[in-house]
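In what follows, a single structure is set out as structure tokens and then discussed.
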Amino acid sequence: MPYYVTTPIYYVNAEPHLGHAYTTIAADVLARHMRQRGEDVFFLTGTDEHGEPVTLAAEREGLTPREIGDRYAPRFRELAERVNATNDFFIRTSDEQHVKAVQEVLQRVHDAGHVYLGRYEGWYCPRCADFKTESEIVDGNHCPIHKIELTRESEENYFFRLSSFQEPLERLYAERPDWILPGSRFNEARSFIEQGLQDVSLTRTSLNWGVPVPWDRGHVFYVWFDALLNYYTALTYARDGEDLSARFWPASVHVMAKDILKFHAVYWPALLMAADLEVPQREFVHGYLLMDEHKMSKSLGNVVDPGKVIDLYGSDALRFWLFREVVFGSDGSISPAGFENRYTTELANEYGNLAARTLAMIARYRDGVVPEAEPDQSVAADFDRLAETVRERLDAVDVSGALDEIWQRVRCLNRFVTSEEPWKLAKDEANSERLDSVLYSLAEGLRVVALLLQAYMPESAERLLAALGVDDRALDAAVFGTVGGGARIGELDQLFPKVEAEAA
Ligand code: MSP
């Protein structure tokens with residue numbers, strides 16, 4: 001089954017921060033895991049370059065919207081590389097092919113009778129590029145997300161007949177109770193729909209930075225419709241001369257935070273139905289990374305630069321920490337102290353030291369060759385069904401849950417070393433068989449753990465697998481006891497060395 005995973009496309013209105021890295025890494029974990037399962041994978045990320053959020057930022061910086069896009073889009077592309085994301089394409093909505101494809105799809109939606117000309121009047125947040133209903137606004141006329149004053153907008157717009165999708169959307173929610181995860185977000189979206197849908201603006205005239213409306217050149221498409229369509233348009237031109245949409249559409253999973261739930265859970269499926277395209281199989285909505293209890297965001301200024309963490313500790317540590325520290329799907333606070341703590345206790349001690357000790361003992365007691373031996377039964381029992389469980393968790397986009405399953409096994413191996421004390425066994429030749437079994441079980445446990453950690457921490461997992469002399473990197477091989485002894489181990493520098501940290 002082809003597997004198509006996406007991140008939101010990020011606004012090019014400022015430098016990327018850890019919040020953006022978070023979603024991109026989560027999607028990358030899924031993409032890597034699915035490739036390891038042998039699936040046909042396509043992973044998309046990119047930038048959202050039109051509309052008010054970008055136009056306003058450009059004005060502030062004295063640039064044109066195109067210039068600000070050209071300044072920040074490469075920064076987002078670099079961020080994806082720095083966090084080790086294996087995206088198959090990076091879309092920019094300023095791409096000519098995207099613009100053309102958006103026009104084609106929305107012309108079709110227009111021609112099918114889902115669009116009419118009307119006048120809009122209401123409260124608008126330029127940062128969200130979203131019209132707010134009376135029930136959403138706070139403190140009189142402020143945006144609930146950005147806390148800025150909303151503007152009263154009134155203009156002639158083409159409208160998308162969202163209201164006519166009330167029933168089809170209700171049916172979608174009734175038939176596919178897990179199409180949006182976690183369940184709390186599904187309920188939130190469903191109750192939004194049940195309150196009754198109103199038609200929404202499809203075009204703007206007060207702005208000219210956007211995709212021109214083909215049937216009325218005085219209008220550009222409202223940025224959200226242009227942006228949502230990226231998930232589909234990218235497939236039509238990501239590979240020269242090839243249209244990947246037949247292979248990868250509908251998307252397997254769109255990953256995003258809860259700030260953009262309404263667009264993805266209500267507008268997007270309705271638009272797809274109007275365009276006669278299939279609705280994505282799943283959307284996963286994660287929570288916010290918080291700093292001092294506020295959503296990390298450029299406008300609040302409470303951002304962490306992922307580049308700095310990577311410079312000091314490497315991208316694996318960053319990738320790991322995010323999903324250990326905050327349960328994927330919930331909000332969670334992060335801090336430099338929390339990072340350092342997890343780096344030291346879990347990565348350096350529990351994982352790095354376990355690997356180093358195991359290799360050192362095999363070198364010392366068995367001349368650097370993993371002994372052929374019976375696996376320890378208690379370790380085998382602890383590892384039973386591990387790979388299946390990890391698969392099931394990641395099928396449900398439970399990125400933290402799968403990692404926790406793996407980490408429990410790292411801890412089980414540590415307890416095993418402590419209770420078996422192989423250095424004591426090594427003192428008496430009579431214990432030789434037991435020592436073989438202990439060392440084999442440690443090496444085998446580490447092999448399985450490293451294979452499963454590949455999606456999360458590809459660099460360190462690769463180093464460990466190479467040092468263990470492991471050939472097969474497929475997920476199918478991640479079953480304890482299926483590879484015998486005999487591998488010659490190699491050198492391994494500290495997986496997570498101590499860092500003289502000024503600040504993470
Ligand atoms: N351009 C729109 C998305 C269009 S998708 C068709 C947009 N861009 S954004 O730059 O504001 O990015 C929002 C997304 O960035 C969130 O949905 C989330 O994926 C990520 N995050 C930004 N800040 C974050 C946190 N503080 N915490 C978690 N995710 C964060 O909205």
Side-chain angles (χ1 to χ4, degrees), residues 5-28 44-57 68-69 72-73 75-76 79-80 83 85 91-94 98 102 125-130 143 145-146 185 210-211 221-234 251 253-269 271-272 280 283-306 322-323 325-334 397 399-400:
V5 56
T6 67
T7 74
I9 45 171
Y10 307 113
Y11 284 131
V12 282
N13 55 0
E15 292 284 341
H17 59 70
L18 191 61
H20 307 116
Y22 185 48
T23 317
T24 301
I25 297 169
D28 187 58
L44 179 71
T45 187
T47 44
D48 188 352
E49 306 196 6
H50 291 136
E52 217 127 0
V54 174
T55 308
L56 290 178
I68 200 171
Y72 289 122
R75 307 285 297 130
F76 280 92
L79 176 72
V83 301
I91 188 170
R92 296 183 57 179
T93 54
S94 57
H98 168 76
V102 166
C125 172
R127 291 260 178 80
C128 291
D130 188 16
C143 170
I145 297 173
H146 295 95
R185 299 290 163 219
V211 175
F221 285 112
Y222 172 42
V223 62
W224 268 100
F225 288 95
D226 149 15
L228 287 162
L229 278 167
N230 92 88
Y231 301 132
Y232 177 74
T233 64
V253 58
H254 296 316
V255 185
M256 76 207 75
K258 61 186 183 181
D259 48 348
I260 52 181
L261 174 70
K262 179 179 72 183
F263 301 101
H264 284 82
V266 183
Y267 295 13
W268 182 222
L271 179 67
L272 286 167
E283 298 188 352
F284 189 90
V285 186
H286 62 75
Y288 290 153
L289 295 182
L290 309 174
M291 286 277 276
D292 308 323
E293 289 168 32
H294 296 288
K295 179 191 178 202
M296 182 185 292
S297 75
K298 194 72 190 179
S299 50
L300 294 178
N302 56 344
V303 293
V304 170
D305 175 0
L322 288 171
F323 302 105
E325 197 76 359
V326 178
V327 173
F328 196 59
S330 309
D331 289 351
S333 287
I334 55 158
V397 200
V399 180
S400 295

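Hydrogens, waters and symmetry mates are skipped; everything else that's a heavy atom, side chains included, is used. Counting starts at 1 for both ligands and their atoms, in listed order.
Between F225 and Y267, the two ring planes are parallel [angle under 30°; tilted spans 30° to 60°].
For the atom pair NZ of K295 and CD1 of I145, the computed distance is 6.5 Å after rounding to the nearest 0.5 Å.
Listed as neighbours of ligand 1 are P8, I9, Y10, Y11, H17, G19, H20, Y22, T23, D48, W224, A227, L228, N230, Y231, A257, D259, I260, H264, H286, G287, Y288, L289, K295, M296, each bearing a heavy atom under 4.0 Å from the ligand.
Among residues two or more places apart in sequence or in another chain, the ring pair (Phe, Tyr, Trp, His ring centres under 6.0 Å) test is passed with Y232 by W249.
Proximity of E52 to V223: side-chain heavy atoms (C-beta onward) are nowhere separated by under 4.5 Å.
Y72 and Y11 have their aromatic ring centers separated by at least 6.0 angstrom.
A side-chain contact (heavy atoms from CB on, under 4.5 Å) with E49 is found for exactly one of I9, T93, D226, I91, namely T93.
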